[in-house]
Structure formats: structure tokens, C-alpha cells
There are 2 protein chains.
Amino acid sequence: MSGGDVDLAAVAGLIGDRTRSRMLVALLGGREISASLLADEAGVSPSTASGHLAKLVDGDLVAARTSGRHRHYRLASAAVAEVVERLVELAPAEEIGSLRASRRAAELRVARTCYDHLAGRVGVGLMHGLLQRGHLTGGDGGYEAAAAQRDAPASPGRDLDYRLTPGGQEFLDHLGVDLPQGRRALVRYCVDWTETRHHLGGRLGRGLRDRFLEAGWLEPRTTNRALRVTAEGRAVLAEEFGLDLSPS
Amino acid sequence: MSGGDVDLAAVAGLIGDRTRSRMLVALLGGREISASLLADEAGVSPSTASGHLAKLVDGDLVAARTSGRHRHYRLASAAVAEVVERLVELAPAEEIGSLRASRRAAELRVARTCYDHLAGRVGVGLMHGLLQRGHLTGGDGGYEAAAAQRDAPASPGRDLDYRLTPGGQEFLDHLGVDLPQGRRALVRYCVDWTETRHHLGGRLGRGLRDRFLEAGWLEPRTTNRALRVTAEGRAVLAEEFGLDLSPS
DNA sequence: CGGACGCTTCGTCCGTCAGCGAAGCGTTCT
DNA sequence: AGAACGCTTCGCTGACGGACGAAGCGTCCG
């Protein structure tokens, strides 16, 4: 018998472990994270973490990249991120903490840091605004059609060539954004798991985040990596990026 | 730390057991199944099955209905069905049984039941046909643009407001579709994993499935939840929905 | 070149949980 | 009423797998 049933259980079982699930959630940001950091995040010893990561890689849920003596892990595909996200939503309407947890989730959905740039509705909105105003060209600001084709490795985006226009440069000056120097790509994108769309990464993403924090348009929350949009921030987002945050 | 992490692991762990996953897959067909049948399906003793079912109910993945000395189980929601489908998709592309397996997969891709409605090319095609003929408005039948605009909660579609037009109602009458009553939303959508597009859920999806089976346009296959499109079915899909199935 | 560092492999321990059969409870049939 | 039936609860056993520390391997730094 058997043979026929796909290994649903294997995949789910892989996710269904406290430690591994913590790692996956940590990786939901879309960024690579080193083994030791993941161990820390999950609260286990390096050796334990290593074992779990090996399993996750073996199960094709995460992918690894070796760089010197470090090893960086990332989710293997957008499909994985989506499944994890769905599972989180299915998670028990928890008794206590339910309120707290869902509030936190809501906060994260609005704005959060993702590595060194911005994600959530604000992160996606920034990119959308730049595209719509012609400050950024290439791609489509969505996560759709061509991009969504199955074979997309959905690793941190490099395939869609976004470029900053001259007008875009002016716009950034106007906002007071200071782009960090370096060999790092100016524009890179991440798939946003709460929005299923792209948000800005690269030096541009970094510069925007820095400016938004510096100007007090966004404020870090104490608890997590969620950010609070201030009144001025709301105004800037509306005026300069055409982003209306009112519906929740 | 801690407290905050939702119980992803609990849900995934619930699914991540051979026996329970077999039960869930069996329930994907959308029909209620009695405890003893599920035990049989999963290949375990009644007592073992009972334990697992209790856990699934406790975790809100399946719901139970008592009828006399029987107890019938069903998936608790379409969201569960979707997650399970997604997980199946993530499952390793199995090596063995490749021929048999790939044929079965191909069958599933064409048409299958998903919970209580239709999925696969037929499911997606139905929705597309309704939209294109103006029987359904709102959204775009895709998984893109407008859809991504909103802060999609990424739960089974509720954010895109699809509505049935007067012409659509007539069309359904013409087809002989009887919409089930109830508080359940008329139109809901699921993202189809074989098609990366929306297919119909809700009462409309249910009604269409019922009609297609009743009229003999689709026939259940013995092996799984795949459906066979009959000659009349093919004609109906082409004429009424503009769906051509030829390029297998 | 030696030492610190990041990560993995190995061996061991222990908790958790799937599995079964026996027994219990309620329903249906004759 | 008695018996068959469907399902659940209980107690027990056995095994899978997660946890850690020690040790090993390769990389980076002074």
C-alpha cells in the first residue's frame, strides 16, 4: 500500500517542531541568516541548530550558501514562505495572548524592518510609489505573472532589473535620503510575505529606512522589529508616495 | 522572546504525522467520512484513529458531527484544505512510481475536488469564464495586480469582492445550478496550486460542483479526488465557459 | 604559524507520542 | 431485552527524535 501517498507528513513534520518553526519564522523576512544567529533565534545550541538546518535543507525548505567559515540560510522558495505564513494563520486562535499575538501580527503587517530595509505595507508602498511616479523603472512592482512562475527560485531578487531614474535621484535628494556607498546593488527586492509583493532592498532600501527613522517618520517599537508610523510619517507617505494607510 | 511565537509548530506538527496526514488527504475530497472509514483509510486501529481525530478536532483542523452511533468528520474550513494542498505541493517530487504518479498528477491538474468545490484547470476555467462573460464582477480572476493591491490577509480570499451579476444568476439557472442556502459567502476564492490562479469557492463553487457531477459533466475517478471530464462536460465547458481543454 | 572562530559530526540521554488491545458507553436492530 | 455495532477512553509498551557536550574540520586573523 502506501507508496501512493505523497509525503505530506514529512514536510509538515519538518515544520512541526518548535525549534525548526522558529527558524522558519525568522527566515520569513526573506533574508539570509547565519547558522549561529538562527541557533540564537531558536534558543538552542549550535550543534542542535546545525542538525535542524541540515534537515530543513534536506527537505528543500531552506537553502544554504557557504561563505568563508560562515553558512547562510534562506527559505528555499516563495512557496515555502507562503505555506509557513498560511500555517501561522491557521494556528489556534490562541486562548490568552491571542489578542496580544494578533495585535503584534497586525503591527508587523503595517511596517517592520527586514534586515536593513523596510517591509510590510509601508515597505511595499514605498516601492509602489516610486514605480508609479516614475522614479524607479523596470519590473512591475508586483509579484505576479512572470515573476510568480513556478520555477522562480524566489531568492532575493536579482532577476528583475530595477533602475533609479534621474527624476528619482532628485526625489531622493528632496526627501533627504542619503544613499550609502558601496559595491552593493542599488536596488534589490524582497518578496514580502504579508503582502505577496516586492519591497525595496539594496542600498536604496537601506537609505530609505535610515531616512525614515532619522526623520522620525517611523519609530521602532520596543518589542519586536515592527515599526510605528508617526503622524508626520503618515503625511509623507500620503503626499510623496501616494500611500494611504487608513484602512487599518 | 518566546511568548510571541505563534504555535506554528503545533499546527504543523498536527499535520506532520503519517496517520493524520492520510486522514486529512482523505478529507480533502470534501465529503464527510466516518471514524471507522478514516481508520481504514489510514491503516490503523479504530482506537488509534479515534485518538488522532480527537487531536485534529482539538486543533481545529477538522470538525465532527455525531449522527446516531456514527461520527462523521470533515475538514474544519476551506483554509485547512488550502494549507494541506499547499503542503502537498511542497512535498518532494517523488522519484518512484514516476509513471503512475505522474499520470495521477496530470489527472489532478485537470480537474479535482478541493474541499467542496472544483479545482485544477476546470476549476480555474470556470471562474475565468464567469468573469469574462460578465457573470461575475470584481477581482480579475488572476492572482495579481488588484489582488495584491490590498493588504491581503492571505487567508482564503475574502478581500476581493466578487459578486454575481443579474446575468450571472440567469446563467446559473440556465445551467441548472442550484445554489445552496446558508450564511456562507456566495463567492469565495482559493488560490490554485496547479494554476497559480483563483478558483471558485463559497456557495457558488459548491453549487457548480454539485451540478457538474449531477449532470455527468464530470465523473469521480475511483482512485483519488481527481475528476474525469466527460464528452458532454467538455462541450459544456467549451460552449458555456469558453474553456478548451485540448492542449492536455 | 598558532589560535580563535564558525559550523558540523558523533555519541548519549531522555521525553514524547504513536500504536495496540481491553474495557466502557451509547445507539441500533431483532 | 439482548446482542451487535460504532466509537471512545485507558493503560501499557516501544521507538523515533530532539537536546546537549565533546571532538573534528575548515577558515580567518594576528
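The sequence lines fix the lettering, A, B, ..., with proteins before strands; numbering per chain opens at 1.
Across the protein-nucleic acid pair, D40(A) atom CG and dC7(C) atom C1' stand 15 Å apart, rounded to whole Å. When the P atom of dT27(C) is taken as reference, atom CZ of R65(B) falls 16 Å away, rounded to whole Å. Atom C1' of nucleotide dA19(D) and atom CG of L53(A) are separated by 15 Å, given to the nearest angstrom. At whole-Å resolution of the value, NE2 in H52(A) and C1' in dC7(C) are 15 Å apart. Residue I33(B) contributes atom CD1, which lies 16 Å from atom P of dG6(D) at whole-angstrom precision. With rounding to whole Å, H72(A) atom NE2 is found 11 Å from dT8(C) atom P. If you measure from atom CG of L56(B) to atom C1' of dC17(C), you get 14 Å, rounded to the nearest angstrom. Rounded to whole Å, atom P of dA18(C) lies 14 Å from atom CZ of R22(B).
Contacts of A35(B) classified as side chain to side chain contact (heavy atoms under 4.5 Å, CB included), with partners at least two apart in sequence or in another chain: L53(B), Y73(B).
Of the candidate nucleotides dT8(D), dC17(C), dT8(C), dT8(C) has the atom lying nearest to any side-chain atom of S50(A). Among dG6(C), dC20(C), dT8(C), the nucleotide with an atom closest to any side-chain atom of S45(B) is dC20(C). Picking from dC7(D), dC20(C), dC20(D) the nucleotide with the shortest atom distance to the side chain of H70(B) gives dC7(D). Residue S47(B) has its side chain nearest to dT8(D) when only dT8(D), dA18(C), dT9(C) are considered. Of the listed nucleotides (dT8(D), dG18(D), dC20(C)), dC20(C) has the atom at the smallest distance from the side chain of T48(B).
Nucleotides of DNA chain D nearest to G68(A) and R20(A) differ in position, and the one nearer the 5' end is that of R20(A). Position along DNA chain C of the nearest nucleotide to G51(A) versus T19(B) favours G51(A) as the more 5'-ward residue.
Heavy atoms of T66(A) sit nowhere under 4.0 angstrom from any nucleic acid atom.
Looking at every heavy atom in both residues, S21(A) comes nearest to L8(B) through CB-CD1, 3.8 Å. Across all their heavy atoms, E41(B) and A26(B) have their closest contact at CG-CB, 3.7 Å. Considering every non-hydrogen atom in both A49(A) and A39(A), the closest pair reads CB-CB, 3.4 Å.
Contact of R69(B) with dC5(D) (side chain to base): a donor-acceptor pair of N or O atoms is detected under 3.5 Å.
For Y73(A) and dG6(C), the shortest distance from a side-chain N or O to OP1 or OP2 is not below 4.0 Å. A sub-4.0 Å separation between OP1 or OP2 of dG18(D) and a side-chain N or O of K55(A) is present. Between R71(B) and dG6(D) there is no side-chain N or O to OP1 or OP2 distance below 4.0 Å.
Although no hydrogens or angles enter the test, the distance criterion places a donor-acceptor pair under 3.5 Å between the side chain of R20(A) and the main chain of L14(A).
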